[in-house]
Amino acid sequence: MSMWNFMDASSKETLLDLIRREADGMFALVAADEAWNGPTASGAWTAANVVGHLVDTTETYFRSFDAAEGKGEAPELVPLTEMATHVDKGARQFEGVSRAELVERCQTALADELAIFEGLSTDDWMGLTVPHKYMGPLPAAFYPVFALVDYTLHSWDIREGLGRPHALAADSADMLVPLCNILWANTVARTPAAEPLEVGISITSGAHAGGTRMTLGADGLQQEPGSLDGVETIIEFDPASFVLTAYGRTNAGTVKGDPAVAAEFLGSFFRI
């Protein structure tokens with residue numbers, strides 16, 4: 001379904017609606033004192049650090065879109081392997097800023113960001129190249145889906161820190177499934193020393209239900225959507241479990257085949 005594929009411009013309104021809903025949920029969460037200063041599942045960050053991260057990230061995107069239009073310099077490119085260090089520094093620069101000021105700045109940045117995304121034409125969606133600080137030149141469509149990642153996963157992180165029962169929304173998870181395949185292809189930390197490693201990834205429900213044959217070898221991760229016939233080790237995920245696993249929030253999945261092969265595959269990616 002193209003409306004659930006962020007690389008298709010027909011997904012635009014659905015994607016932007018999801019960002020708005022997830023952002024509203026996050027701002028409601030951080031209104032509580034226990035969340036603002038409490039732990040999260042984003043390493044050592046508090047919810048205040050999460051909001052600082054969103055401000056830093058969104059304002060950096062503005063520089064990227066300006067550069068794409070020939071106005072100003074693009075953010076200096078940083079290797080993806082160093083992203084976590086730079087992101088942490090960016091988030092912590094706002095420590096000491098009041099909640100009211102930081103949340104207002106984040107909401108203003110979000111509104112401006114959504115206005116940029118709304119203004120992207122069908123041709124711009126995948127045709128406008130925008131320099132990303134960590135991933136280099138990317139089609140504009142990647143920026144709204146990254147915003148959805150930020151508001152969806154970091155809301156999950158805050159809820160996890162609060163110790164409450166919770167889960168990801170099915171539609172947000174569905175929209176993020178294709179991005180997780182791209183994430184894995186770009187975060188390979190190590191490849192098998194001998195023969196390539198082959199596993200099948202099966203998404204068991206939702207808009208992207210189906211199989212992808214993944215082969216990890218000297219040339220990185222190759223992905224082939226389709227039948228998993230003949231694949232000896234298959235890892236099944238529902239969409240939310242797949243997203244949370246790909247982004248290193250949890251270890252999930254149901255293995256059919258060799259658990260050791262599955263574990264080797266799942267341990268082959270660095271976390272961002």
Derivation of the side-chain contact (heavy atoms from CB on, under 4.5 Å) call for T57 and F146: CA-CA 10 Å; T57 298; F146 288 160; over 6 Å; no

Evaluation steps, salt bridge (charged side-chain N to carboxylate O under 4.0 Å, His left out), between D17 and R20: CA-CA 5 Å; D17 284 346; R20 293 186 187 96; 2.9 Å; yes

Derivation of the side-chain contact (heavy atoms from CB on, under 4.5 Å) call for S172 and R21: CA-CA 10 Å; S172 293; R21 188 194 67 196; 3.0 Å; yes

side-chain contact (heavy atoms from CB on, under 4.5 Å) evaluation trace for L266 with N251: CA-CA 9 Å; L266 293 170; N251 294 302; over 6 Å; no

Criterion side-chain contact (heavy atoms from CB on, under 4.5 Å) on L102 and W36, from CA distance to verdict: CA-CA 11 Å; L102 194 55; W36 186 252; 4.0 Å; yes

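Looking only at distances, a side-chain donor or acceptor of R213 sits under 3.5 Å from a matching main-chain atom of D229. Checked by atom type and distance alone, the side chain of S202 never pairs as donor or acceptor with a backbone atom of G211 at under 3.5 Å. No side-chain donor-acceptor contact under 3.5 Å links Y247 to the backbone of C180. Judged purely by atom type and a 3.5 angstrom limit, R249 has no side-chain atom pairing as donor or acceptor with the backbone of V243. The closest donor-acceptor contact from the side chain of R159 to the backbone of H166 lies at 3.5 Å or more, if one exists at all. A distance-only check finds a donor-acceptor pair linking the side chain of T233 to the backbone of D258 [under 3.5 Å]. Checking side-chain atoms of T250 against main-chain N and O of T245 turns up no donor-acceptor pair under 3.5 Å. Checked by atom type and distance alone, the side chain of E104 never pairs as donor or acceptor with a backbone atom of E101 at under 3.5 Å. With hydrogens and angles ignored, the 3.5 Å screen pairs a side-chain donor or acceptor of W125 with a backbone N or O of F6.
Annotation: the span from T81 atom OG1 to N186 atom CG amounts to 12.0 Å, rounded to 0.5 Å. Note that OG1 of T60 and NE2 of H86 are 12.0 Å apart. Values are rounded to the nearest 0.5 Å. To the nearest 0.5 Å, atoms CG (L221) and CH2 (W184) are separated by 8.5 Å. Interatomic distance, OH of Y151 versus CG of L54, reported as 4.5 Å (0.5 Å rounding). Remark: T58 OG1 to D112 CG distance equals 10.0 Å, nearest 0.5 Å. Rounded to the nearest 0.5 angstrom, F270 CZ and T187 OG1 are separated by 5.5 Å.
You'll find the ring centres of F242 and H208 outside the 6.0 Å limit.
Nearest heavy-atom pair across P137 and T129 is CB-CG2, 3.5 Å. For V255 against A262, the heavy-atom pair with the smallest separation is CG2-CB, 3.6 Å.
By the 4.0 Å N-to-carboxylate-O rule, R63 lies too far from D66 to be salt-bridged with it. Using a cutoff of 4.0 Å between basic side-chain nitrogens and carboxylate oxygens, D33 and R99 are scored as salt-bridged.
A donor-acceptor contact closer than 3.5 angstrom links the side chains of D88 and W45. S11 and D8 share no side-chain donor-acceptor pair at under 3.5 Å. In this model, a donor atom of one side chain and an acceptor atom of the other lie less than 3.5 Å apart for H154 and D157. No donor-acceptor contact under 3.5 angstrom links the side chains of S121 and D123, judged on distance only.
Side-chain atoms of F269 and L183, non-hydrogen and from C-beta on, never get closer than 4.5 Å to each other. Residues Y61 and H132 form a side-chain contact, since some pair of their non-hydrogen atoms from C-beta on lies under 4.5 Å apart. At a threshold of 4.5 Å between non-hydrogen side-chain atoms, the residues R105 and F94 count as touching. L138 is not listed as a side-chain neighbour of V130, based on a closest heavy-atom distance of 4.5 Å or more. In this structure, the side chains of N49 and T46 come closer than 4.5 Å at one or more pairs of heavy atoms. Looking at R164 and L29, their side chains come closer than 4.5 Å, going by heavy atoms from C-beta outward.
Using a 4.5 Å cut-off between side-chain heavy atoms of Ile, Leu, Val, Met, Phe, Trp and Tyr, with links allowed through other members, V103 and L114 fall into the same hydrophobic cluster. Transitive grouping of hydrophobic side chains (ILVMFWY, heavy atoms separated by less than 4.5 Å) brings L16 and F65 into a common cluster. L77 and V87 fall into different hydrophobic clusters, where Ile, Leu, Val, Met, Phe, Trp and Tyr are joined by side-chain heavy atoms under 4.5 Å apart, directly or via other members. In the hydrophobic clustering of this structure, L228 does not group with I203; members are Ile, Leu, Val, Met, Phe, Trp, Tyr whose side-chain heavy atoms approach within less than 4.5 Å, directly or through other members. Under the 4.5 Å side-chain contact rule for hydrophobic residues, L216 and V231 do not share a cluster.
For Q93, the CD atom counts as densely surrounded, since its 6.0 Å shell holds more than 12 non-hydrogen atoms of other residues, nucleotides or ligands.
Here the rule is side chain to side chain contact (heavy atoms under 4.5 Å, CB included) with M214, and of N181, L197, I235 only N181 fits it.
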